[in-house]
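Working notes, beginning with the structure itself.
Atoms within each ligand, like the ligands themselves, are counted from 1 in listed order.
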Amino acid sequence: MDFLSSSTHLHITAWAITLILFFVAALAGKKLTAVHMTLRVMYILVIITGLALFLEWRDKIAESGMNYDMKVLFGILVIAFMEMVLVRKNKGKSVNMFWVLFGIVLLITLYLGMSMGIGINF
Ligand code: HEM
């Protein structure tokens, strides 16, 4: 499974497409069922590529071990809040709170991802 974890490109591609689909579905005036379904498939790809990186690299970069666990947690929270925004929007419930939570956990996830050992490093 080297192709999954030897670089972060697949993971980046997966979450970039995920974010685009999320904004398309969330900002559209009506319910976009097909986009939402595709988005759910993308969630799975993000999780698979993220977990592959996690299993491959966690032990090799000991000093950022704890950050690796946090990265996984926040990555999953980003997905959870995207889903909350879309499901609540489709039901006509208020979504402001979940937009804020989504924004905060997304920033933390991007920071954690980029400040760790592999791939693009700041
Ligand atoms: C939409 C959600 C997510 C976003 C925006 C995101 C973003 C990122 C970013 C920016 C990086 C750094 C890439 C690089 O340095 O080249 C990264 C790496 C990583 N991500 Fe995610 N991610 C998300 C979801 C997940 C999930 C769900 C998991 C785990 C199941 C995960 C696990 C990882 C791991 C282990 C790395 C490697 C960290 C490193 O050493 O650079 N991510 N992610």
Side-chain angles (χ1 to χ4, degrees):
M1 299 294 263
D2 208 33
F3 75 100
L4 277 176
S5 53
S6 57
S7 88
T8 51
H9 295 170
L10 263 181
H11 185 60
I12 293 175
T13 310
W15 63 250
I17 296 173
T18 302
L19 286 181
I20 293 168
L21 289 177
F22 168 69
F23 284 115
V24 169
L27 300 176
K30 55 180 180 160
K31 188 174 168 180
L32 298 180
T33 310
V35 176
H36 197 176
M37 286 302 154
T38 315
L39 184 60
R40 286 179 172 152
V41 176
M42 291 309 300
Y43 293 159
I44 297 171
L45 291 182
V46 171
I47 292 174
I48 291 175
T49 53
L51 276 184
L53 288 170
F54 180 73
L55 295 175
E56 174 79 17
W57 294 97
R58 190 191 184 285
D59 295 336
K60 293 183 184 162
I61 308 172
E63 66 269 23
S64 65
M66 183 64 188
N67 279 352
Y68 257 72
D69 301 343
M70 297 307 282
K71 172 66 185 53
V72 171
L73 180 67
F74 276 95
I76 289 170
L77 282 177
V78 175
I79 293 177
F81 289 133
M82 287 193 279
E83 191 58 20
M84 290 301 283
V85 168
L86 291 182
V87 169
R88 290 181 66 93
K89 170 187 173 251
N90 289 342
K91 287 186 179 165
K93 294 185 179 170
S94 78
V95 287
N96 293 349
M97 181 68 178
F98 289 97
W99 268 112
V100 173
L101 290 171
F102 161 76
I104 294 171
V105 294
L106 177 64
L107 287 180
I108 296 174
T109 307
L110 290 173
Y111 172 76
L112 285 175
M114 291 182 198
S115 63
M116 278 192 279
I118 59 171
I120 304 163
N121 208 345
F122 287 90

For ligand 1, which atoms sit closer than 4.0 Å to a heavy atom of Leu51? 29 (C), 30 (C)

Does any N/O atom on Ile12 come nearer than 3.5 Å to any N/O atom on ligand 1? no

If you take all heavy atoms of Lys89 and Lys30, which pair is closest and at what distance? NZ-O, 3.4 Å

When you measure from atom 29 (C) of ligand 1 to each heavy atom in Ser115, Gly50, Ala80, which option holds the nearest one? Gly50

Atoms of ligand 1 less than 4.0 Å from Gly113 heavy atoms? 9 (C), 11 (C), 12 (C), 15 (O), 17 (C), 39 (C), 41 (O)

So between Trp15, Tyr68, Phe54, whose heavy atom ends up nearest atom 39 (C) of ligand 1? Tyr68

When every non-hydrogen atom of Phe22 is compared with those of Met82, the smallest separation belongs to CE1-O, 3.4 Å

Consider ligand 1: state whether an atom of it lies below 4.0 angstrom from any non-hydrogen atom of Thr18. no

For ligand 1, which atoms, with element, lie under 4.0 Å from some heavy atom of Val78? 1 (C), 2 (C)

The residue among Val46, Leu45, Thr13, Thr38 that forms side-chain contact (heavy atoms from CB on, under 4.5 Å) with Thr18 is Val46

Answer side chain, backbone, both or neither: which part of Thr8 comes under 4.0 Å from ligand 1, heavy atoms only. side chain

Looking at Leu32, Leu21, Ile79, which hits side-chain contact (heavy atoms from CB on, under 4.5 Å) with Leu39? Leu21

Please state whether the separation between atom 21 (Fe) of ligand 1 and some N/O/S atom of Lys71 is under 2.8 Å? yes

Angle class for the Phe23/Trp99 ring planes (parallel below 30°, perpendicular above 60°, tilted otherwise)? parallel

Does OH in Tyr111 sit with more than 12 non-hydrogen atoms of other residues, nucleotides or ligands closer than 6.0 Å? no

Begin with the C-alpha distance, continue with both residues' side-chain angles, and end with the deciding distance and a verdict on side chain to side chain contact (heavy atoms under 4.5 Å, CB included) for Met42 and Trp15. CA-CA 8 Å; Met42 291 309 300; Trp15 63 250; over 6 Å; no

Going by distance only, is there an N or O of Thr109 that falls short of 3.5 Å from an N or O of ligand 1? no

When rounded to the nearest 0.5 angstrom, what distance separates CZ in Phe74 from CG in Leu106? 11.5 Å

Within the structure, is a non-hydrogen atom of Leu106 found at a distance of less than 4.0 Å from ligand 1? yes

